[in-house]
2 protein chains.
Amino acid sequence: MAKSTSKRFTIGVLSKHAGVKIETIRYYEKSGILPDPQRTTGGYRSYTNEHLTRLVFIRRCRELGFSMSDIRELLALADDTEMHCVDIHDRTMRHADAIRTKIKHLQNMERTLRKIASKCDGDDAPQCPIIESLQGAGSLLS
Amino acid sequence: MAKSTSKRFTIGVLSKHAGVKIETIRYYEKSGILPDPQRTTGGYRSYTNEHLTRLVFIRRCRELGFSMSDIRELLALADDTEMHCVDIHDRTMRHADAIRTKIKHLQNMERTLRKIASKCDGDDAPQCPIIESLQGAGSLLS
DNA sequence: AGTTGACTCTGTAGTTACTACGGGGTTTAT
DNA sequence: ATAAACCCCGTAGTAACTACAGAGTCAACT
């Protein structure tokens with residue numbers, strides 16, 4: 001768990017590694033969700049691995065349907081701040097429960113999709129039984 | 001599997017049951033993701049349970065971070081359309097794989113959050129070990 | 001029948017979270 | 001030293017809603 005190499009890099013490099021567009025990174029900075037980086041003498045933003053970690057986390061959260069304020073709260077948990085232990089416990093549990101629900105829904109969807117795929121597997125029959133498979137209890141829309 | 005009761009209801013009722021705002025329902029209709037319902041003589045929209053099912057599915061997908069075009073594709077799978085079996089197989093598997101990745105990330109987050117909560121459980125110690133728990137390999141940000 | 005209140009209609013404008021672009025300065029490589 | 005590639009900031013555009021205004025509809029009392 002040695003402290004990671006603290007090389008600094010530009011916004012373009014950060015963008016590539018995090019999979020987040022440059023404009024979006026600046027947008028996150030402006031909205032306070034990603035801390036202002038140091039600047040070079042020329043005025044260029046200079047990032048560290050901590051920025052990268054945080055940015056990847058933000059990107060993932062967005063892909064998983066969390067709002068910016070959700071993410072702000074989750075990051076506050078990671079950033080400590082001056083919250084009380086009890087607050088943290090409650091907030092954390094609420095988030096964990098919401099996430100569990102998301103997982104359940106995704107698991108249902110994945111199961112149904114794989115069922116559909118397996119029915120369409122192998123033979124290229126003129127009409128695959130997709131409609132039927134979607135009417136039943138295990139419907140994608142259920 | 002009897003055909004569900006085909007009572008019709010207004011947009012307000014649909015909104016309440018689906019947990020989707022009226023304006024959003026009209027927006028979905030305009031963007032073609034929710035089929036145009038019948039109208040009463042007075043011009044009111046008249047919905048069925050099929051609309052409800054579809055709308056709940058759309059809402060969930062949005063909460064899970066799917067874009068409108070993702071949802072359009074998923075609904076196309078449910079709606080049959082004139083796609084070939086092979087197409088469906090490929091698309092379905094791609095979606096299933098993406099969903100599996102989402103599940104993995106959410107499971108990591110849930111595990112980490114519950115760990116944090118359990119550390120903050122019971123005693124109201126002056127400083128809970130949140131920061132440390134977030135630095136390690138099982139960090140929320142990892 | 002009339003009227004009140006809750007509901008719905010359409011269309012337009014505002015919000016959130018990006019995304020693209022334009023005009024300029026900086027850095028790097030030849 | 002001069003392009004090419006990169007970065008700066010600000011503004012405008014997009015996607016997916018969300019709110020509001022002004023008018024019509026419906027159900028239920030008197």
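Not measured: the values here are computed from a predicted model.
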**Prompt:** To the side chain of B:Ile11, which of D:dT11, C:dC18, C:dC9 is closest?
**Reply:** C:dC9
**Request:** Grab the NZ-C1' distance between A:Lys21 and C:dA20 for me, whole Å please.
**Result:** 10 Å
**Item:** Nucleotide nearest A:Arg45 (side chain, heavy atoms from C-beta), chosen from C:dT8, C:dA17, D:dC9
**Value:** D:dC9
**Closest-nucleotide 5' rank along DNA chain D - winner of B:Ser69 and B:Thr40** = B:Ser69
**Message:** Is the positively charged end of A:Lys102 above the ring of A:Phe66, judged by distance under 6.0 angstrom from the centroid and angle within 45° of the axis?
**Reply:** yes
**Asked** What is the distance, rounded to the nearest whole Å, between atom CG of B:Leu34 and atom P of D:dA16?
**Response** 15 Å
**D:dC6 OP1/OP2 closer than 4.0 Å to side-chain N/O of A:Thr10** = no
**Fill in**
Separation of D:dC6 atom C1' from A:Leu14 atom CG, nearest Å, is 15 Å
**Asked** Separation of B:Ile25 atom CD1 from C:dT8 atom C1', in whole Å?
**Response** 12 Å
**Asked** Do any N or O atoms from the side chain of A:Arg100 and from the backbone of B:Glu110 form a donor-acceptor pair under 3.5 angstrom?
**Response** no
**Message:** I need the CG-P distance between B:Asp36 and C:dT8, as an integer number of Å.
**Reply:** 18 Å
**Request:** Can you tell me the distance, in whole Å, between the CZ atom of B:Arg59 and the P atom of D:dT18?
**Result:** 12 Å
**Message:** On DNA chain C, does the nearest nucleotide to B:Lys16 precede the nearest nucleotide to A:Thr24 from the 5' side, or the other way round? Give the residue.
**Reply:** B:Lys16
**Item:** Between P of C:dT15 and CD of B:Glu23, the distance in whole Å
**Value:** 15 Å
**Request:** Report which part of the nucleic acid A:Ser31 touches: base, sugar-phosphate, or nothing (heavy-atom distance under 4.0 Å, all strands).
**Result:** nothing
**Request:** Is it possible for you to say whether A:Met93 and A:Ile71 belong to one hydrophobic cluster, with membership spreading through side-chain heavy-atom contacts below 4.5 Å?
**Result:** no
**Message:** Nearest to the A:Arg62 side chain among C:dA20, C:dC18, D:dC17, which nucleotide is it?
**Reply:** C:dC18
**Message:** For the CG atom of A:Leu74 and the OG1 atom of A:Thr92, what is their distance to the nearest 0.5 Å?
**Reply:** 8.5 Å
**Message:** Quick check for you: among D:dC26, D:dA16, D:dA19, whose closest atom lies nearest to any side-chain atom of B:Ser67?
**Reply:** D:dA16
**Asked** Given atom OH of B:Tyr44 and atom C1' of D:dA27, what is their separation to the nearest angstrom?
**Response** 10 Å
**Along DNA chain D (nearest heavy atom to each residue), the more 5'-positioned of B:Gly43 and B:Ile58** = B:Ile58
**Prompt:** Side chain of B:Tyr27: nearest nucleotide among D:dA16, C:dC18, C:dT26?
**Reply:** D:dA16
**Asked** Do the non-hydrogen side-chain atoms of A:Leu14 and A:Phe9 ever get within less than 4.5 Å of each other?
**Response** yes
**Item:** Proximity to the side chain of B:Met68 - top-ranked nucleotide from D:dC17, C:dG25, C:dC9
**Value:** D:dC17
**Prompt:** Once you round to the nearest 0.5 Å, how far does CG of B:Asn49 lie from CG of B:Leu55?
**Reply:** 12.0 Å
**Message:** Nearest to the side chain of A:Ile22, heavy atoms from C-beta on, is which of D:dC7, C:dA20, C:dT27?
**Reply:** D:dC7
**Prompt:** At under 4.0 Å, does any side-chain N or O of A:Tyr28 touch on OP1 or OP2 of C:dA17?
**Reply:** no
**Prompt:** Base, sugar-phosphate, or nothing for A:Arg26, non-hydrogen atoms under 4.0 angstrom?
**Reply:** base
**Message:** Using a heavy-atom cut-off of 4.0 Å across all strands, would you classify A:Arg39 as base, sugar-phosphate, or nothing?
**Reply:** sugar-phosphate
